[in-house]
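Report on the structure given below.
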Amino acid sequence: MKKIVEKEGLGIYFLFYSEGNGIEDNGVVIYLKNDNDYKIDYSFQLVFRALELEREQEVKGILKAHERKIGSNDGLYFIPFPDKKSISEVGVRKIKVIKVEE
């Protein structure tokens, strides 16, 4: 896993798959972890770039204290360019982390 960013206890990481759909299209698995001792509500824009293209995907949810989420079961698997374009960069924008009061 490669770290994209950590902000306010939320860690965002990714793993690249060169044949993400079992054929030739690239895929990315996102791994999230909450290092806080409390539940958080998070949101961010996941950004994928190919040479001349850019795609965004909104990601949001809730993580319990010290919870981790990864992969397709948690809605964190993406194939942003289903036309054999290679992913050149993965990043995030507009990260929001809010403590959930219980």
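- Here the straight-line distance linking atom NZ of K94 with atom OG of S43 works out to 10.0 Å at 0.5 Å rounding.
- Heavy atoms only, all atoms of each residue included: F81 and F48 are closest at CZ-O, 3.7 Å.
- Using a cut-off of 4.0 Å between Lys/Arg side-chain N and Asp/Glu carboxylate O, E54 and R93 are scored as salt-bridged.
- Once rounded to the nearest 0.5 Å, the distance linking CD1 of I30 with CZ of F44 reads 6.5 Å.
- Under the 4.5 Å side-chain criterion, counting only non-hydrogen atoms from C-beta, I40 is not in contact with I98.
- Between V28 and the options V90, L76, I79, a side chain to side chain contact (heavy atoms under 4.5 Å, CB included) holds for only V90.
- Separating the NZ atom in K60 from the CD atom in Q45 is a distance of 10.0 Å, to the nearest 0.5 Å.
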_Chi angles and distances behind the side-chain contact (heavy atoms from CB on, under 4.5 Å) call for V100, Y38_ = CA-CA 7 Å; V100 175; Y38 50 83; over 6 Å; no
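- Using a 4.5 Å cut-off between side-chain heavy atoms of Ile, Leu, Val, Met, Phe, Trp and Tyr, with links allowed through other members, V59 and L10 fall into the same hydrophobic cluster.
- Interatomic distance, CZ of R49 versus CD of E56, reported as 9.0 Å (0.5 Å rounding).
- A single hydrophobic cluster is not seen to contain both V47 and F16; linkage of ILVMFWY side chains at heavy-atom distances under 4.5 Å, directly or through other members, places them apart.
- V5 is listed as a side-chain neighbour of I95, based on a closest heavy-atom distance under 4.5 Å.
- In plain terms, the two heavy atoms of G11 and E6 that are nearest each other are CA-CG, 3.8 Å.
- Judged as a side chain to side chain contact (heavy atoms under 4.5 Å, CB included), and not counting sequence neighbours, the contacts of E101 are K99.
- K39 NZ to Y42 OH: the interatomic distance, rounded to the nearest 0.5 Å, is 12.5 Å.
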Expected list for residues 62-71: side-chain donor-acceptor pairs under 3.5 angstrom, two or more places apart:
from, atom 1, to, atom 2, distance (Å)
H66, NE2, N36, O, 3.3
H66, NE2, D37, OD1, 2.6
E67, OE1, K64, N, 2.7
R68, NE, Y31, OH, 3.3
K69, NZ, I62, O, 3.2

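- Once rounded to the nearest 0.5 Å, the distance linking OG of S88 with CG of L53 reads 9.5 Å.
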_Quick one, K7 with K96, criterion side-chain contact (heavy atoms from CB on, under 4.5 Å). Give me CA distance, side-chain angles, the key distance, then yes/no._
CA-CA 9 Å; K7 182 176 179 179; K96 292 182 185 175; over 6 Å; no
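- Between I87 and P80 there is a side-chain heavy-atom pair separated by less than 4.5 Å.
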